Amino acid sequence: MSVTNIKKAIQKRIKKYECKIYAETLAKKVPVQKNKVYVDNFIGKGYGGNPQYIVEEILRRKLDWDVVWAVSDMNSPMPGGVRKVEYDTLACAREQASAGIWIDNVRNAHIVRKKQEQIYLQTWHGAFGFKGVEGAAEEELSPQYVKAAKYDGNITDAIIAENQYKRNQYLNYFWLSKETQILDVGMLEPEYNMSQEALGEEKKRLRKKYEKYGISKEDYVILYAPTFRNSDDTDAYDIDFSRVLNSLEKKLGKECKLIVRFHPNVNIEKVQGVIDTSDNRIIDGKNFPIEMERYIISDMLITDYSSVMYSFSLLHKPVFIFAKDYEAYKKERTLLLRPEDTPYPFAKNIEEFEKRVEEYTEDEYFENVDRFYENMEVYKSDNPAGTVVDWIISAIEEDRGKVYAN
């Protein structure tokens, strides 16, 4: 290890130590500012995820709130009206300790302990999926995670749900307290309330924006977006993308492009090798940072166990499941639902995928999808992010009347 890296490692340890000491001693004495909002997305990943749409609604209403976002990279872009603080630092601990409102989308260890007068909104990050989560997979999780998750669930004042399936998971597996409110608002992204015509116009605009990366308005674009694995083994992602494209081009009779975009928790350096740079139809997804924009410019999704299948499906576009490691995966992970139980064409190898493409008929596919989600009971509201902000305002007003012991 170089001297520079050693210095960085030492500095990081000092920061964590300072945070721990602060949280254990001084944080409890910092007064809470009711209209201050502390936001985190995937433990410092920056502006995005479900918290983004709530903050956008706060900014749109021009509420007199101090919004601070925790980021690991202080160069992360942020809209006007939002301050940045470096994640896992003493300054970050101070911001969280003094914020009247916390917004997060993953389990958080919360080095700063929540005070009674603070409001904690959990927006989570997956509306649907096969994998057993939280209590359903407790034996597969580390004791440290389970301890943090149980605390996080117990202090959660409200959590958003996109459908009945997710609501049931919260009630059965998320260790929520009896007082936690489940907000049945549906998907927060405003695009889900747009007409197909409006989405088509937005697709044209975004195709023009990204044409410098090799996508034209005529191309049929496939998005490959798998979930992450607990190991660093990249074999599950190593798909013959050229054969995937060939089969689709034969079926559709048009030129296809494929965007490869990995989960944010995947070690990008290790999986870069699965992208065949010699095939100019295959595009590295790093140039498409905004999740919803990836959905809109794409015509089809290929995934494995990721909840993106739900988000993409709601835009009335086809989804294929390609899971090379399914037999091993279902032995290692608790599955609440099997790929075979969904309306999506399912393949475990390239030969099966080619067969599913050949068999695919659009009318039958969408009939199956509509029936599946009708049974699931998908929640929908005119302004879901607005409904969440209304809840926060009500919670603040309700809390103002309470008296807390010192």
Side-chain angles (χ1 to χ4, degrees), residues 125-133 137 162-163 165-166 169 220-230 233-248 251-252 256 258-263 265-266 271 274 282 285 291 294-295 298-376 378:
H125 56 275
F128 170 80
F130 304 126
K131 296 177 291 185
V133 293
E162 295 86 356
N163 50 62
Y165 179 82
K166 199 68 198 180
Q169 284 192 334
Y220 189 90
V221 177
I222 303 102
L223 173 64
Y224 174 62
T227 191
F228 73 97
R229 305 303 194 279
N230 290 329
D233 185 7
T234 62
D235 184 62
Y237 308 119
D238 193 4
I239 292 172
D240 191 335
F241 295 124
S242 293
R243 282 182 66 174
V244 165
L245 286 162
N246 291 341
S247 65
L248 287 166
K251 175 74 173 182
L252 301 166
C256 295
L258 186 138
I259 299 172
V260 179
R261 177 74 184 193
F262 293 106
H263 189 281
N265 288 346
V266 168
V271 296
V274 308
I282 302 171
E291 185 175 37
R294 295 196 295 269
Y295 296 167
S298 300
D299 300 292
M300 173 189 286
L301 171 72
I302 299 174
T303 186
D304 42 29
Y305 319 103
S306 175
S307 63
V308 300
M309 68 180 74
Y310 176 83
S311 310
F312 196 89
S313 231
L314 293 183
L315 295 172
H316 199 70
K317 298 182 180 186
V319 174
F320 279 64
I321 297 174
F322 194 150
K324 283 180 64 178
D325 62 342
Y326 178 55
E327 296 304 324
Y329 193 86
K330 66 183 181 181
K331 293 177 182 177
E332 297 172 1
R333 298 293 299 261
T334 299
L335 298 182
L336 300 178
L337 191 68
R338 303 176 305 165
E340 304 98 305
D341 299 327
T342 73
Y344 308 123
F346 169 47
K348 292 178 283 188
N349 54 58
I350 188 62
E351 290 79 18
E352 286 184 6
F353 179 82
E354 290 169 332
K355 186 176 180 181
R356 299 294 172 265
V357 169
E358 187 179 348
E359 295 170 342
Y360 175 81
T361 58
E362 186 175 276
D363 290 344
E364 182 182 5
Y365 169 82
F366 284 112
E367 283 178 11
N368 292 335
V369 168
D370 291 344
R371 191 180 308 114
F372 182 77
Y373 285 120
E374 185 177 333
N375 293 333
M376 179 186 289
V378 173

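Note that the numbering runs from 1 along the sequence shown for the chain. Given the structure is predicted, the values throughout are model-derived calculations rather than measurements.
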* Asked: At their closest point, which heavy atom of Phe241 faces which heavy atom of Ile282, and how far apart are they?
  ->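 Shortest heavy-atom contact: CB-CD1, 3.6 Å.
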* Over all heavy atoms of both residues, which pair between Cys256 and Leu252 is shortest? Give the atoms and the distance, please. => SG-CD1, 4.1 Å
Test item: [X] and [Y] side chains (from C-beta on) under 4.5 Å apart, heavy atoms:
X      : Y      : answer
Lys324 : Ile350 : no
Leu301 : Tyr224 : no
Lys166 : Phe128 : no

* To do: Run the numbers on Lys131 and Ser307 for side-chain hydrogen bond (donor to acceptor under 3.5 Å, both in side chains), then give the verdict.
  => CA-CA 9 Å; Lys131 296 177 291 185; Ser307 63; over 6 Å; no
* **Neighbour count above 12 (heavy atom, 6.0 Å) for Glu351 CD** =>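 Yes, enclosed.
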* To do: Take Val357 and Phe320, measure what side chain to side chain contact (heavy atoms under 4.5 Å, CB included) needs, and give me the verdict at the end.
  => CA-CA 9 Å; Val357 169; Phe320 279 64; 4.0 Å; yes
* To do: Go through the steps for Val319 and Ile302 under the test side chain to side chain contact (heavy atoms under 4.5 Å, CB included), then give the verdict.
  => CA-CA 6 Å; Val319 174; Ile302 299 174; over 6 Å; no
* side-chain contact (heavy atoms from CB on, under 4.5 Å) with Glu364: which residues, sequence neighbours excluded? ->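 If we apply the side-chain contact (heavy atoms from CB on, under 4.5 Å) test to Glu364, skipping adjacent residues, the hits are Thr361, Asn368.
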* Full working for side-chain hydrogen bond (donor to acceptor under 3.5 Å, both in side chains) between Thr303 and Tyr344 -> CA-CA 10 Å; Thr303 186; Tyr344 308 123; over 6 Å; no
* Intermediate values then yes/no, side chain to side chain contact (heavy atoms under 4.5 Å, CB included), Val369 and Ser313 -> CA-CA 8 Å; Val369 168; Ser313 231; 4.0 Å; yes
* For a side-chain hydrogen bond (donor to acceptor under 3.5 Å, both in side chains) with Tyr326, tell me which candidate from Lys331, Glu340, Arg338 qualifies. =>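 It is Glu340; the other options fail the test.
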* **Backbone N/O of Phe322 and side chain of Lys348: donor-acceptor pair under 3.5 Å** =>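 No, the answer is negative, given that no donor and acceptor are paired below the 3.5 Å cut-off.
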